[in-house]
Amino acid sequence: MATSTFNQRLLAWFDQHGRTNLPWQSNPTPYRVWISEVMLQQTQVNTVIPYYQRFIERFTDIATLATASLDEVLYYWAGLGYYARARHLYQAAQQVFHQYNGELPTDLKQLMQLPGIGRSTAGAILALAHQQRHPILDGNVKRVLCRYYALAGHPSEKVVASTLWRLAEESMPTKRIAAYTQAIMDLGATICIRRHPHCLLCPFQSDCLAHQQRQEDIYPSPPLRKPLPVKTTTFIMLQNEKSGEVLLEKRPPQGIWGGLWSFPECALPTDIPHWCQQYLQLVIYQYHPWQLVRHTFTHFHLDIIPVQVSLSAEQCKLVVFSNGFWYNAVQAPVYGLAVPVARLLTQLTSTGELLS
DNA sequence: AAGTCGGGGTC
DNA sequence: GACCCAGACTT
């Protein structure tokens, strides 16, 4: 079917059934669209909404974000995952603040130079905030196009990806770009959903190739997946038995939970006495392993053995630990904590859980 | 082209 | 449990 009919039919559907209450849809400034697009990378709308509202309230504009601390930005991001997004966002804000006078570029290539902004996110910012005619290619658009054209192969394959970008370009209307951009995402999010799509409500039900074949569920093709490897670690939960404070250390910027605060780690619980001797110059006689916690990432399982070590106030005074601080549950600082760390801290500092 | 980077929703 | 989600970046 002609692309003009494709996008007109989609826009007509959008006017009747599109979403209009998402927080970033009101007052869609480039900054607000940018924050929402980055938060929405690999993250579902309902998860993002409360984070977006807190973030925008605290960091109202680029200048506010650029002049805050990375620790505070990570604090507002903690729990959302993919923390490189927050670091990139922060770097980009500073770059825009200093190089572009606090205004996001309105040129696609300049936008894509900024850390954390790829082609799709750049296109979304320009289309949604500036009515510029650029395609996006997120998971929703990929799904809609793969089904509409019965496009086989996984979107990560180079041929499939380039075909999808071409189709995304050809599908765009010449007017109402912002509405169209939102419309194709809304269709993917509410009708053309991953499993059991609502084809009877779809504006394309008469010409979608996948639907004609009754094979909506096989598009897009899933990638080949290997079983996830299992890694293990031991969280050393050093606690001041008098004040309840717990020693945390900052994680390196690269790697898992980059820039967040976590417990010191060692390989096995039995390593703890030696670890305490080596790094804290403390002699430890006993420690208390908790039940194993499995935390699953995209590419591996992490089996965590949390081990509680109670220290006297006198011992704590002797501890010299660079890149660390004593976490106090009552006066918790504005630093980002990895989710399992936050959970364990809650257990550790709530009454009645001193030994378990 | 493959691997790295989270946490939660959903079935 | 397994799979996926408004992807980008590194190797």
Side-chain angles (χ1 to χ4, degrees), chain A residues 19 22-25 28 32-52 74 77-89 91-92 111-125 127-128 135-144 153-162 164-165 168 181-190 192-196 217 220-231 251-260 262 293-302 336-343:
Chain A
R19 295 178 293 187
L22 302 175
W24 42 89
Q25 287 180 307
R32 290 168 56 88
V33 171
W34 175 35
I35 302 301
S36 71
E37 287 301 323
V38 173
M39 284 191 172
L40 286 162
Q41 289 167 5
Q42 296 295 287
T43 311
Q44 294 179 358
V45 168
N46 286 335
T47 303
V48 164
I49 288 175
Y51 284 90
Y52 176 82
L74 285 169
W77 205 274
L80 253 190
Y82 285 127
Y83 299 97
R85 295 184 295 175
R87 294 196 305 276
H88 290 151
L89 195 61
Q91 289 171 20
L111 265 184
M112 289 175 62
Q113 299 288 329
L114 295 170
I117 301 183
R119 183 176 173 188
S120 189
T121 297
I125 293 170
L128 293 171
I136 62 167
L137 193 59
D138 64 1
N140 289 311
V141 180
K142 289 173 186 171
R143 196 166 51 249
V144 169
H154 189 262
S156 69
E157 294 171 33
K158 197 175 177 182
V159 232
V160 182
S162 63
L164 283 169
W165 275 111
T181 303
Q182 189 63 49
I184 195 162
M185 287 192 286
D186 283 6
L187 187 79
T190 65
C192 198
I193 53 181
R194 184 168 65 88
R195 278 185 295 192
H196 312 306
D217 285 324
S221 323
L224 293 175
R225 231 182 283 286
K226 300 173 189 171
L228 299 185
V230 180
K231 302 184 184 182
R251 300 185 62 88
Q254 73 280 27
I256 214 83
W257 296 324
L260 273 63
S262 184
V293 175
R294 170 165 285 196
H295 194 78
T296 300
F297 297 95
T298 312
H299 45 304
F300 64 92
H301 299 289
L302 183 63
L337 302 172
V339 164
V341 174
R343 287 193 187 125

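Reminder, nothing fancy here: chain letters follow the sequence lines and each chain counts from 1. Atoms considered below: every heavy atom in the structure, side chains included; atoms not considered: hydrogens, waters and symmetry mates. All values reported here derive from a predicted model rather than from experimental measurement.
- By the side-chain hydrogen bond (donor to acceptor under 3.5 Å, both in side chains) test, A/H299 pairs with no residue at all, sequence neighbours left out.
- At least one side-chain nitrogen or oxygen of A/Y83 sits closer than 4.0 Å to the OP1 or OP2 atom of B/dG7.
- Using a 4.0 Å heavy-atom criterion, one finds that A/S36 contacts no nucleic acid atom at all.
- Atoms CD1 and CG, from A/I184 and A/D138 in turn, are 8.5 Å apart once rounded to the nearest 0.5 Å.
- For the residue pair A/H301 / A/T296, a side-chain donor-acceptor distance below 3.5 Å is found, with atom types taken as modelled.
- Look at CG on A/L74: it is 13 Å from C1' on B/dG6, rounded to the nearest Å.
- One atom, CD of A/Q254, and another, P of B/dC5, lie 9 Å apart when rounded to the nearest Å.
- When heavy atoms are screened at a 4.0 angstrom cut-off, A/Y82 is found touching base atoms of the nucleic acid.
- One finds no side-chain N or O of A/R194 lying less than 4.0 angstrom from the OP1 or OP2 phosphate oxygen of B/dC11.
- Here A/I193 contributes atom CD1 and A/L187 contributes atom CG; the two are 10.5 Å apart, rounded to the nearest 0.5 Å.
- Across all strands, A/R294 comes closer than 4.0 Å only to sugar-phosphate atoms, never to a base (heavy-atom distances).
- Note on A/G255: only backbone sugar-phosphate atoms sit closer than 4.0 angstrom, heavy atoms only; bases stay farther off.
- One finds no side-chain N or O of A/R19 lying less than 4.0 angstrom from the OP1 or OP2 phosphate oxygen of C/dA6.
- Of the P atoms belonging to B/dG6 and C/dT10, the separation is 14 Å, rounded to the nearest Å.
- Within 3.5 Å, no donor on the side chain of A/R87 pairs with an acceptor on the base of C/dA8, nor the reverse.
- At whole-Å resolution of the value, CH2 in A/W257 and C1' in B/dG6 are 9 Å apart.
- Side chain of A/W24, nearest nucleotide from B/dC5, C/dG7, C/dA6: C/dA6.
- In this model, a side-chain donor or acceptor of A/T43 finds a partner on the base of B/dG6 within 3.5 Å.
- Here the separation of C/dA6 from B/dC11, taken at their P atoms, is 14 Å to the nearest Å.
- Nucleotides of DNA chain B nearest to A/R195 and A/V159 differ in position, and the one nearer the 5' end is that of A/V159.
- Between A/H295 and A/F297, the angle of the ring planes goes over 60°, which puts this pair in the perpendicular group of the 30/60° scheme.
- The base of C/dG7 lies outside donor-acceptor range of the side chain of A/S120, with no N or O pair under 3.5 Å.
- Following rounding to the nearest Å, A/H88 (NE2) and C/dC9 (C1') show an atom-to-atom distance of 7 Å.
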Criterion side chain to side chain contact (heavy atoms under 4.5 Å, CB included) on A/Y83 and A/L74, from CA distance to verdict: CA-CA 7 Å; A/Y83 299 97; A/L74 285 169; 4.3 Å; yes
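- What separates NZ of A/K231 from C1' of B/dC5 is a distance of 11 Å, to the nearest Å.
- Atom CG in A/L40 sits roughly 8 Å away from atom P in C/dG7 (whole-Å rounding).
- Between A/V45 and A/P115, the one whose closest nucleotide on DNA chain C sits nearer the 5' end is A/V45.
- Nearer the 5' end of DNA chain B, as judged by each residue's closest nucleotide, is the contact made by A/F300, out of A/H196 and A/F300.
- Phosphate proximity of B/dG3 to A/K226: present, with a side-chain N or O under 4.0 Å from OP1 or OP2.
- Between A/L114 and A/P223, the residue whose closest nucleotide on DNA chain C is further toward the 5' end is A/P223.
- Ranking C/dG7, B/dG8, C/dA6 by closeness to the A/Q41 side chain, first place goes to C/dG7.
- Nearest to the side chain of A/H299, among C/dA6, B/dC5, B/dG7, sits B/dC5.
- One can place CG of A/L137 at 12 Å from P of C/dC5, the figure rounded to the nearest angstrom.
- Rounded to whole Å, atom C1' of C/dC5 lies 8 Å from atom CZ of A/R143.
- Taking every side-chain heavy atom of A/T47 into account, B/dG9 is the closest of B/dG6, B/dA1, B/dG9.
- Using a 4.5 Å cut-off on side-chain heavy atoms (C-beta onward), A/R119 and A/P135 make contact.
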